[in-house]
Chemist: 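Below: one structure in structure tokens.
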Protein chains: 2
Amino acid sequence: MSAERYLQIGEVAEQLALTPRTLRYYEEIGLLAPPSRMEGGFRLYSAADIDRLESIVQLKRLLGFSLREIKQVVEAMESLKLLRQESKQASDLETKRDSLRKGLEILEQQVEVLDGRMRQVAELRDQFNERSRRVRERLQQIEAELQAVVVETSS
Amino acid sequence: MSAERYLQIGEVAEQLALTPRTLRYYEEIGLLAPPSRMEGGFRLYSAADIDRLESIVQLKRLLGFSLREIKQVVEAMESLKLLRQESKQASDLETKRDSLRKGLEILEQQVEVLDGRMRQVAELRDQFNERSRRVRERLQQIEAELQAVVVETSS
DNA sequence: TAAGACGTTGACTTTAACGGAAACTGCGCC
DNA sequence: GGCGCAGTTTCCGTTAAAGTCAACGTCTTA
């Protein structure tokens, strides 16, 4: 079973529109956990590795986060995953509860960060929108005046 | 009149949490129009200069825009200002209308960029929020179970 | 008039990669 | 099994962007 498809660096790079060099770089700076290798040393990326890479790329493109910031986020997500497993396997309810609480805390922190960022962007957008609205008003007014002139001359 | 308060580079830097060196750098790469100077050569920044700097800093921090991208935005805003003056002075309505249209186009483009960015961030936040919600549910469930055990043993 | 900003210039640093050399691996084909 | 070649490995150097640091001289102002 589980013909779990592993990809080599070149294929992964193409899929994510990065270069193999960049993937090695991400690994080097600890952004990406070292993937498994073939006997000969070639890197083999699992579906999970690729998922993780995808969120890295998304964070980078969407938020303009630095790789250092992304690393923090990714690490938080990683510890979240650990907590989930821990909670799942825990036999006693108290341990389970504590894991969940901890996980919840991490999640809420992430939400807060994103929420803050989003609100700031929204505010900036609203400012532009308001200016836009005012210009549109002026424009309509001018166009009405022009229309009036045309009607007048054609009569 | 107009005790228009001019600030020196150090004060401006402090206000914006940049270094004087960075301000000179922004000027050097054409991001910031050269401010006026004292007789001795010290830079004097006007309120308008500082406003402009504030949007630069905001764009950088919020969106992770590169200085080159920011320069484009700033230039667009600058030309918008020119257009507004032009439109104000233009005697014929058609010129006025055309200026306004052009300005509007620039503004709408900016709004679109910001809007897109904002929605994407919001989406990511919602994903986290959803996970958060689910964990909270699980947690309540566990807590209820724990409660049940306590009641049971104490009876 | 002395201390402390500020001026310019050039070299240095950090971040996020890119490029190339030299050796090694995987794999299809004879 | 051996050959060839594309893909990969590590190592090391380079680059562009965005600054920072240092030196040394000038200006402001208490």
Side-chain angles (χ1 to χ4, degrees), chain A residues 3-46 49-50 52-75, chain B residues 3-46 49-50 52-75:
Chain A
E4 166 130 32
R5 197 51 221 311
Y6 283 95
L7 299 185
Q8 286 185 220
I9 199 165
E11 305 170 280
V12 176
E14 197 183 355
Q15 229 183 76
L16 298 175
L18 301 172
T19 66
R21 190 73 184 71
T22 300
L23 293 183
R24 285 185 212 111
Y25 173 67
Y26 283 178
E27 188 181 327
E28 188 187 325
I29 64 174
L31 197 54
L32 189 62
S36 54
R37 305 271 187 136
M38 292 189 207
E39 277 161 38
F42 283 23
R43 266 163 263 247
L44 284 177
Y45 294 85
S46 71
D49 290 331
I50 293 167
R52 187 163 159 168
L53 259 171
E54 258 161 9
S55 24
I56 290 173
V57 169
Q58 222 194 5
L59 285 171
K60 218 178 118 42
R61 304 233 164 108
L62 283 189
L63 307 184
F65 278 11
S66 72
L67 293 187
R68 189 175 300 180
E69 289 169 305
I70 291 174
K71 197 173 166 187
Q72 281 176 3
V73 174
V74 167
E75 270 162 10
Chain B
E4 166 131 33
R5 197 53 221 313
Y6 282 95
L7 299 185
Q8 287 186 217
I9 198 164
E11 304 171 281
V12 176
E14 198 183 354
Q15 230 183 74
L16 299 175
L18 301 173
T19 66
R21 193 66 186 81
T22 300
L23 292 182
R24 288 185 209 111
Y25 173 67
Y26 283 177
E27 188 181 326
E28 189 186 323
I29 64 174
L31 196 56
L32 190 62
S36 52
R37 305 271 185 135
M38 292 187 205
E39 277 161 37
F42 283 24
R43 268 162 263 246
L44 285 176
Y45 294 84
S46 72
D49 289 331
I50 292 167
R52 185 163 159 167
L53 259 170
E54 256 161 10
S55 26
I56 289 173
V57 169
Q58 230 191 0
L59 285 171
K60 219 179 117 44
R61 302 232 165 110
L62 286 188
L63 307 184
F65 278 11
S66 72
L67 294 185
R68 189 174 298 180
E69 289 169 306
I70 292 175
K71 197 171 167 186
Q72 280 176 2
V73 174
V74 167
E75 269 162 12

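In what follows, chains carry the letters A, B, and so on, assigned in the order in which the sequence lines appear, proteins first and then strands, with residues in each chain numbered from 1.
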Chemist: Evaluate the side-chain proximity of A:Leu44 to A:Arg37: yes if any heavy-atom separation is below 4.5 Å, no if none is.
Modeler: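 Not in contact.
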Chemist: Nearest whole Å is fine: how far is D:dA18 C1' from B:Phe65 CZ?
Modeler: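 Going from CZ in B:Phe65 over to C1' in D:dA18 covers 17 Å.
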Chemist: Does B:Leu31 offer a backbone N or O that forms a donor-acceptor pair with the side chain of B:Arg52 under 3.5 Å?
Modeler: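 Looks like yes, one N/O pair under 3.5 Å.
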Chemist: Nearest-Å distance, NZ (B:Lys71) to P (D:dA17)?
Modeler: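 Those two atoms, NZ and P, are 11 Å apart.
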Chemist: Run the side-chain donor-acceptor check on residues 62-74 of chain A: report pairs under 3.5 Å with partners two or more places apart or on a different chain.
Modeler:
from, atom 1, to, atom 2, distance (Å)
A:Ser66, OG, A:Arg68, N, 3.4
A:Ser66, OG, A:Glu69, N, 3.2
A:Ser66, OG, A:Glu69, OE1, 3.3
A:Glu69, OE1, A:Ser66, N, 2.8
A:Lys71, NZ, A:Ile29, O, 3.3

Chemist: Could you report the tightest heavy-atom contact between B:Pro20 and B:Ile9, atom names first, then the distance?
Modeler: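 Heavy-atom minimum between the residues: O-CD1, 3.5 Å.
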Chemist: With rounding to the nearest 0.5 Å, note down the distance linking OH in B:Tyr25 to CG in B:Leu32.
Modeler: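 Reported value, rounded in 0.5 Å steps: 13.0 Å.
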Chemist: If you walk 5' to 3' along DNA chain C, what is the first nucleotide with an atom under 4.0 Å of a heavy atom in chain A, and what is the last?
Modeler: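 Span of nucleotides near chain A: C:dT15 to C:dG26.
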Chemist: Please report the distance, rounded to the nearest Å, between CD in B:Glu28 and P in D:dA18.
Modeler: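 Atom CD in B:Glu28 sits about 13 Å away from atom P in D:dA18.
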Chemist: Can you find a heavy atom in the side chain of A:Gln15 that is under 4.5 Å from one in the side chain of A:Leu7?
Modeler: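 A:Gln15 vs A:Leu7: side chains touch.
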Chemist: So if I define the base as every atom that isn't primed, P, OP1 or OP2, how would nucleotides 5-11 of chain D read as a B/S/- string at a heavy-atom cutoff under 4.0 Å?
Modeler: --BSBB-
Chemist: Taking B:Glu14 for its side chain and B:Glu11 for its backbone only, find out whether a donor-acceptor pair lies under 3.5 Å.
Modeler: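 No, because the side chain of B:Glu14 does not come within donor-acceptor range (under 3.5 Å) of the backbone of B:Glu11.
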Chemist: Could you pull out the closest heavy-atom pair between A:Tyr45 and A:Leu23, with the gap in Å?
Modeler: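 That would be OH-CB, 4.0 Å.
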